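One structure is given here, and the rest of the page talks about it.
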Protein chains: 2
Amino acid sequence: MEFDPTTHPHRRYNPLLDEHVLVSPHRTKRPWLGQTEAPQTVIPPQYDPACYLCPGNSRSGGQKNPNYTHTHTFTNDFSAVLPGPAPEAPAPPHPMLTSQPVHGGCDVIIFHSRHDLTLAQMDPPEIERVIAEWTRIYRERGSQEGIKYVQIFENKGAMMGCSNNHPHGQAWSLSDVPTLPARELTSLERYSLSGVQTSIDVPRGPQGRPCLLCEYAHAEINFGEENSRVVLKNEHWAALVPWWAVWPFEIMLLPYHRHITSLARLTEEEKAAFAEIISQITTRYDNLFHCPFAYSMGIHQRPIPGPDSPNDDDSVAHLHVHFDPCLLRSATVKKFLVGFELMAESQRDLTPEQAAERLRNCSATHYLRSNA
Amino acid sequence: MEFDPTTHPHRRYNPLLDEHVLVSPHRTKRPWLGQTEAPQTVIPPQYDPACYLCPGNSRSGGQKNPNYTHTHTFTNDFSAVLPGPAPEAPAPPHPMLTSQPVHGGCDVIIFHSRHDLTLAQMDPPEIERVIAEWTRIYRERGSQEGIKYVQIFENKGAMMGCSNNHPHGQAWSLSDVPTLPARELTSLERYSLSGVQTSIDVPRGPQGRPCLLCEYAHAEINFGEENSRVVLKNEHWAALVPWWAVWPFEIMLLPYHRHITSLARLTEEEKAAFAEIISQITTRYDNLFHCPFAYSMGIHQRPIPGPDSPNDDDSVAHLHVHFDPCLLRSATVKKFLVGFELMAESQRDLTPEQAAERLRNCSATHYLRSNA
Ligand SMILES: [Zn+2]
Ligand SMILES: [Zn+2]
């Protein structure tokens with residue numbers, strides 16, 4: 001009996017997080033009996049007087065938004081971390097029960113003054129302004145005392161717990177590198193020291209060492225179309241459903257021509273191509289089920305260099321963006337991370353190759369525009 | 001400024017999973033603007049002719065349930081893993097892209113013939129029958145060729161993606177140890193070899209070495225009431241909100257008198273006390289917001305011993321149960337694992353100490369009984 005990844009249950013290894021995902025491809029035909037979500041059918045207005053993110057409106061903290069015309073950033077009125085200095089940690093009640101104070105700040109980045117324009121509906125030059133804002137925050141927060149990491153992310157859709165339709169993201173800046181980026185950095189470091197470089201063509205990381213993500217992106221781009229997990233690529237960026245994807249239509253977006261450590265190192269041309277491909281990914285997502293596609297998006301990049309870091313590019317970090325969408329098979333059926341997944345291991349039915357193919361086949365024109 | 005864990009943002013270390021959780025206790029008062037869930041207000045019938053788990057009814061696969069009177073176990077009609085032997089894995093397309101075939105089986109365990117009886121409403125002797133069934137499955141599946149782990153779990157409530165109200169759990173048996181139990185076992189092993197034994201009274205693991213969970217349970221029970229995270233305890237078991245809890249009202253349930261590796265090693269007395277405390281935990285959960293409380297529950301225990309394992313008790317595994325409930329502040333407000341949590345680190349507002357206190361203060365009598 002020959003192994004067929006579209007039929008036989010298997011586990012795939014995720015070299016970035018050093019964990020596995022259980023793939024059950026034979027199960028894609030099982031009927032759905034669980035909870036469904038209300039589809040978002042109302043087209044939002046361009047301006048909503050009740051929205052605390054729209055220009056000129058008041059927020060719950062009492063502050064008033066300026067009459068901004070493109071992006072606007074402010075400190076979250078209910079930040080999860082607060083400015084330093086934080087008090088010293090007390091002695092642990094038991095050697096194994098340790099805690100550490102954390103400080104930092106939480107920013108909210110409104111993507112556009114228009115209440116109804118998601119990234120999928122914004123033109124690439126408008127998305128470039130969002131990228132510029134992310135880059136500014138990464139630099140500015142990174143220059144503050146003790147900040148070690150700037151986690152930029154977006155929750156899109158009520159299904160992802162997002163409380164406001166007005167397109168916006170967040171940036172949490174912390175005095176420590178959080179768990180998941182830290183785990184990725186450990187893997188990148190390990191690969192750099194002992195990893196495989198399969199071809200002379202693959203870009204290299206610091207000190208000419210191999211980079212896990214340079215190597216991975218290069219491999220995916222050079223596989224035959226037939227087994228490809230690449231959804232989209234342009235001159236600088238590749239968007240792919242990773243070999244180890246957990247979410248049905250998960251995408252990793254990364255630069256593949258050179259080892260780029262952070263937003264701060266992107267050239268103007270790379271930024272323009274970045275905006276272009278974000279537009280294309282989010283458009284295909286919306287087109288997949290003809291709905292505003294719910295996801296969490298996050299940018300992973302290098303931690304803030306310490307005062308003794310000599311070379312700004314001397315980091316194993318390889319800039320990349322994760323898109324984790326929760327929709328499973330239609331606009332109203334959501335994947336739940338529960339049970340076996342919470343207790344044991346991530347699990348998926350559809351294979352990453354099947355997901356990539358479905359996304360590749362989505363139209364490049366947003367369904368709301370083509371309907372018009 | 002003195003550190004106050006109920007006021008100052010901090011990170012706590014989880015020694016079992018080797019990761020951190022971000023605690024933002026100052027944020028517990030932030031208003032909730034997000035999605036709410038429909039409360040489950042209908043009292044289900046004792047028998048539902050449309051339920052595929054009720055006695056005598058037909059399942060979607062066409063099979064008919066027997067007229068069982070207590071528990072009933074059958075193989076899932078849409079199992080995530082299938083019986084072996086699995087075909088050989090193909091050569092990886094790139095050295096970093098590895099996969100492995102997996103085989104096993106997925107069982108469904110109906111807790112009771114009555115459609116309306118959750119664990120919270122079952123009498124402890126009925127819960128003992130469920131424990132007996134879990135133990136039987138652990139032994140039987142564990143005796144099958146190549147099975148290395150039996151993951152027992154329950155999803156309760158539509159919010160947890162559970163498609164059927166009839167109280168039931170699952171057991172997925174696999175030819176590999178899944179990611180999270182494997183990570184816990186690595187930590188238990190590390191602690192065993194280099195860990196701290198704080199007192200002569202603490203039970204020990206194999207070869208007289210310290211056990212992370214024996215040590216942890218002992219410490220929690222001996223802290224003063226004031227800082228305690230213990231919710232409930234009886235002669236053999238302790239239920240506590242772990243120092244590193246992620247879910248607002250997360251509970252870990254574990255035996256604290258001796259190092260017990262699996263369900264198969266419990267004495268009759270320990271099983272009776274186990275049933276008793278499961279009844280008490282689930283009752284308090286339902287009483288917290290006066291609703292059927294949604295959670296995922298999972299049992300972690302020793303992997304199946306290989307043919308060359310000489311001593312059945314020579315494992316660092318310490319039997320324990322995780323309860324991960326998704327409700328945040330009422331019967332209709334759910335915690336979302338999104339954004340920062342998916343991309344960076346788990347985060348909570350309410351401290352584990354505050355959660356434990358609220359659960360301790362819940363009535364021991366189920367609200368549906370006290371209303372009667
Ligand atoms: Zn990443
Ligand atoms: Zn565990």
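Keep in mind that this is a model prediction, so the values were computed, not measured. Below, chain A is the first sequence line, B the second, and so on; all start at residue 1.
- Most heavy-atom pairs under 4.5 Å with chain A, from the set B/G195, B/A182, B/P178: that is B/P178.
- For A/H300, the part lying near chain B is the side chain, with the backbone staying farther off; criterion is any non-hydrogen pair under 4.5 Å.
- Between chain B and the options A/P181, A/P92, A/P5, the largest number of non-hydrogen pairs under 4.5 Å is found for A/P181.
- Residue contact with chain B, scored on non-hydrogen atoms closer than 4.5 Å, is absent for A/N14.
- Heavy atoms closer than 4.5 Å to chain B are found nowhere in A/V21, neither backbone nor side chain.
- Here the OH-OG1 distance, from A/Y13 to B/T179, works out to 9.5 Å after rounding to the nearest 0.5 Å.
- Contact of A/P85 with chain B is made through the backbone alone, with heavy-atom distances under 4.5 Å.
- Using a 4.5 Å cut-off between heavy atoms, B/Y191 touches chain A through its side chain atoms alone.
- For chain A, no part of B/S346 is nearby; none of its heavy atoms comes within less than 4.5 Å.
- Looking at A/S175, there are no atoms closer than 4.5 Å to chain B (heavy atoms on both sides), in backbone or side chain.
- The contact between A/T98 and chain B is made by backbone and side chain atoms together, counting heavy-atom distances below 4.5 Å.
- At a 4.5 Å heavy-atom cutoff, the contact between A/L174 and chain B is made by side-chain atoms alone.
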Checking side chain to side chain contact (heavy atoms under 4.5 Å, CB included) for the pair B/S99/A/W243: CA distance, chi angles, key distance, verdict?
CA-CA 9 Å; B/S99 66; A/W243 170 262; 3.9 Å; yes
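- Only the side chain of A/F153 comes within contact range of chain B, with at least one heavy atom under 4.5 Å from a heavy atom of that chain.
- For chain B, the nearby part of A/L17 is the backbone; its heavy atoms alone come within less than 4.5 Å.
- At a 4.5 Å heavy-atom cutoff, the contact between A/P95 and chain B is made by side-chain atoms alone.
- Of the atoms belonging to A/H8, it is side-chain heavy atoms, and not backbone ones, that fall under 4.5 Å from chain B.
- In terms of heavy-atom pairs under 4.5 Å with chain A, the best-connected choice from B/Q100, B/H10, B/E19, B/R12 is B/Q100.
- Heavy-atom distances place no part of A/R348 under 4.5 Å from chain B, backbone and side chain included.
- The distance from atom CG of A/D77 to atom CZ of B/R27, rounded to the nearest 0.5 Å, is 11.5 Å.
- Ranking A/P90, A/A80, A/G298 against chain B, the residue ahead of the rest is A/A80, based on heavy-atom pairs under 4.5 Å.
- Looking at every heavy atom in both residues, B/M343 comes nearest to A/M297 through CE-C, 3.7 Å.
- In terms of non-hydrogen atom pairs under 4.5 Å with chain B, the most contact-rich of A/L212, A/L337, A/D18, A/I299 is A/L212.
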Run the side chain to side chain contact (heavy atoms under 4.5 Å, CB included) check on A/Q151 and B/E345 step by step: do they pass?
CA-CA 10 Å; A/Q151 179 59 60; B/E345 188 161 290; over 6 Å; no
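- Between chain A and the options B/T198, B/L82, B/V23, B/I152, heavy-atom pairs under 4.5 Å are most frequent for B/L82.
- In terms of heavy-atom pairs under 4.5 angstrom with chain B, the leader among A/P242, A/P93, A/G104 is A/P93.
- Interface remark: of the candidates A/E2, A/K156, A/M96, A/M96 forms the most heavy-atom pairs closer than 4.5 Å to chain B.
- Here the closest heavy-atom approach between residue A/R11 and residue B/D176 is recorded as NH1-CB, 3.2 Å.
- Looking at A/V196, only its side chain comes within 4.5 Å of chain B, counting heavy atoms on both sides.
- Of the atoms belonging to A/Y295, not a single heavy atom falls under 4.5 Å from chain B.
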Go through the steps to decide whether B/W172 and A/L22 satisfy the test side chain to side chain contact (heavy atoms under 4.5 Å, CB included), and finish with yes or no.
CA-CA 12 Å; B/W172 291 14; A/L22 175 63; 4.1 Å; yes
Stepwise side chain to side chain contact (heavy atoms under 4.5 Å, CB included) test for B/F223 and A/L97
CA-CA 12 Å; B/F223 288 140; A/L97 305 181; 3.9 Å; yes
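- Across all their heavy atoms, B/S296 and A/G339 have their closest contact at OG-N, 2.9 Å.
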